[in-house]
Amino acid sequence: MTRIQSIGAAFAAVLLSSVAAHAGDVRIMWYSDGGEGAVIKDLLARFSKANPDVNVILDEVSYDVVKEQLPVQLEAGKGPDIARVTNLKALAQHWLDLRPLLADAKYWDDNFGAQADWMRPDGSNAITGFMTQLTLTGGFANKTLFDQAGVEIPGPKATWDDWAAAAKKVADSQKVFAMAIDRSGHRVSGPNISYGANYIAADGKPAPIDQGAKDFLSRFVKWNEEGIVNKDVWVSAAGTTYRAAAEDFINGGLAYYYSGSWQVPGFAQKIGDNFDWVMTGSPCGTASCTGIQGGAALVAVKYTKNPKDVAKVMDYLAGADVQKEFAERSLFIPAHKGVAAGQVDFKTDNPHVQAALKAFVEAAGQTAAPAMKLPGWKWSDAYYSAIVARISQVIAGEMKLDDAYARIDEDIKAKVGAN
């Protein structure tokens, strides 16, 4: 029988790391952005009914647990048997190579090979898991607020400055915040690259923060200071703690929200017909109009005591029929090549959702070359973490911007030196 348990972030790490895996147990650490948790429960229940000898335990946790606590468990040689993660490359040494355990490794190479390198050690041909969905960062506009304010939504080639100006007009008229960007170094990296940033040096190691990144980050800090951006999103948490602004948008308190395609299922559930919203792509900088591709992966952890059972669960979840149903019910862009090439019938009659998913697929073709390299780059998370920690301090008034740039470089160097 599949057992489902929800675990609070405050004691999740202690609880999960203290639970030893037993013969036949497969523990999955799972977080959800929207309604995908309910879908995976259904799918795993079917697996358990057909495979009573494998006890699948789904531990539902917050994203903060996955981001902050799971790496600590892994460094101690512990953790779940399978985990849904977004920090793929930097933790790749902890993933299990499923290739010799799978029923048909070629099927995995054919259907998940395009992103396989994102989640395995450099130079390896290991199969460590699969992307549960493909994502792309991008913006959302509250069309109802724009209409009520009599402000035209900027067009596809509009710049970040254009969006800030338009959103401010809406905010002044409707008494809401103009903009918000998730508290995430990843989320501001697409805008940075749009202004010409490149995080990767010629030797593959992190480059010092450059003028392109500074051109956007200086804007972002200024918008926070001026109240155009909702300052609370970045100053209400410490360190590298993630905070999304999705609830602010869902509650109608934002004219423009920059996040990504993973928010669409949650919007479908929670916004309903409260207001009209549209996906807007990524605003332009001086170099490009790019978001960052990526997604969450379901990976096997090499510290498992039950690798054969883990492979059995992973083979089931990677099946074409299961992948198709998961994508359609979760409203996710499928990462399975065969499923994506066929007819995907998203289970929604919400026209905003259908339009948003179509727009994200189209926007993926505009992804700039430097952004395409980041999902499979070992040091992406080190760069993201340094940016969010130090820029938050600037926004909070604890540090000057030039000092923050220097500290970002120092933080990244320390992380590289420790590995």
Side-chain angles (χ1 to χ4, degrees), residues 135-141 151-171 177-201 206-226 228-230 233-234 245 254-261 278-294 359-360 362-375 377 380 383-384 386-388 390-392 394-395 401-402 404-405 408-409 412:
T135 62
L136 181 70
T137 56
F140 301 93
V151 177
E152 186 176 349
I153 291 179
K157 293 299 182 182
T159 66
W160 274 98
D161 291 337
D162 294 334
W163 271 103
K168 185 178 186 304
K169 290 179 182 177
V170 175
F177 280 105
M179 298 197 303
I181 300 178
D182 293 333
R183 188 182 195 271
S184 162
H186 170 271
R187 220 68 78 242
V188 296
S189 290
N192 286 349
I193 292 169
S194 292
Y195 282 87
N198 185 2
Y199 297 170
I200 307 174
I209 193 163
D210 59 20
Q211 190 59 47
K214 293 176 182 179
D215 282 349
F216 178 76
L217 292 174
S218 62
R219 283 174 163 81
F220 182 58
V221 168
K222 181 171 178 285
W223 292 333
N224 274 272
E225 291 172 345
E226 294 174 345
I228 294 174
V229 168
N230 184 354
V233 175
W234 278 61
L254 284 174
Y256 182 72
Y257 174 37
Y258 193 79
S259 187
S261 58
V278 294
M279 185 272 176
T280 66
S282 286
C284 300
T286 53
S288 61
C289 319
T290 191
I292 295 179
Q293 294 183 27
F360 271 113
E362 292 173 353
Q366 300 176 22
T367 308
M372 291 291 288
K373 296 177 182 178
L374 292 182
W377 186 47
S380 290
Y383 225 110
Y384 301 154
I387 288 174
V388 72
R390 298 308 179 185
I391 296 301
S392 292
V394 176
I395 294 169
L401 189 53
D402 285 343
Y405 294 147
I408 288 169
D409 288 341
I412 296 169

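Keep in mind that this is a model prediction, so the values were computed, not measured.
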Nearest 0.5 Å, please: how far is [atom2] in [Y] from [atom1] in [X]?
X    : Y    : atom1 : atom2 : answer
R390 : I412 : CZ    : CD1   : 10.5 Å
F177 : N230 : CZ    : CG    : 4.0 Å
K157 : D162 : NZ    : CG    : 13.0 Å
D409 : D210 : CG    : CG    : 9.5 Å
I387 : Y405 : CD1   : OH    : 10.0 Å
K169 : E152 : NZ    : CD    : 10.0 Å

Check whether any side-chain heavy atom of [X] lies under 4.5 Å from a side-chain heavy atom of [Y], and answer yes or no.
X    : Y    : result
L217 : V394 : no
V188 : W234 : yes
T290 : S282 : no
S218 : L401 : yes
V229 : I181 : no
I395 : F220 : yes
L374 : I193 : yes
T286 : W160 : no

Mind listing the closest non-hydrogen atom pair of [X] and [Y] along with its distance?
X    : Y    : answer
S259 : R187 : O-CD, 3.6 Å
A245 : L254 : O-CD1, 3.9 Å
T367 : G291 : CG2-O, 3.6 Å
G138 : M279 : CA-CE, 4.4 Å
F140 : T280 : N-OG1, 4.0 Å
A178 : A171 : N-CB, 3.6 Å

Of all residues at least two apart in sequence or in a different chain, which pass the salt bridge (Lys or Arg N to Asp or Glu O under 4.0 Å) check with K373?
none

Applying salt bridge (Lys or Arg N to Asp or Glu O under 4.0 Å), can you list everything that pairs with K214, at least two apart in sequence or on another chain?
none

For S261, what residues pass the side chain to side chain donor-acceptor pair (under 3.5 Å) criterion, not counting sequence neighbours?
none

Evaluate the ring planes of Y256 and Y258, with Trp represented by its six-membered ring, and classify them as parallel (under 30°), tilted (30 to 60°) or perpendicular (over 60°).
tilted

How are the rings of Y383 and Y199 set relative to one another: parallel (under 30°), tilted (30 to 60°) or perpendicular (over 60°)?
parallel

Could you tell me if N192 and S189 have a donor-acceptor pair between their side chains, going purely by distance under 3.5 Å?
no

Heavy-atom count check: over 12 atoms from other residues, nucleotides or ligands less than 6.0 Å from Q211 CD?
yes

Check: A364 main-chain N/O paired with Q293 side-chain donor or acceptor under 3.5 Å:
yes

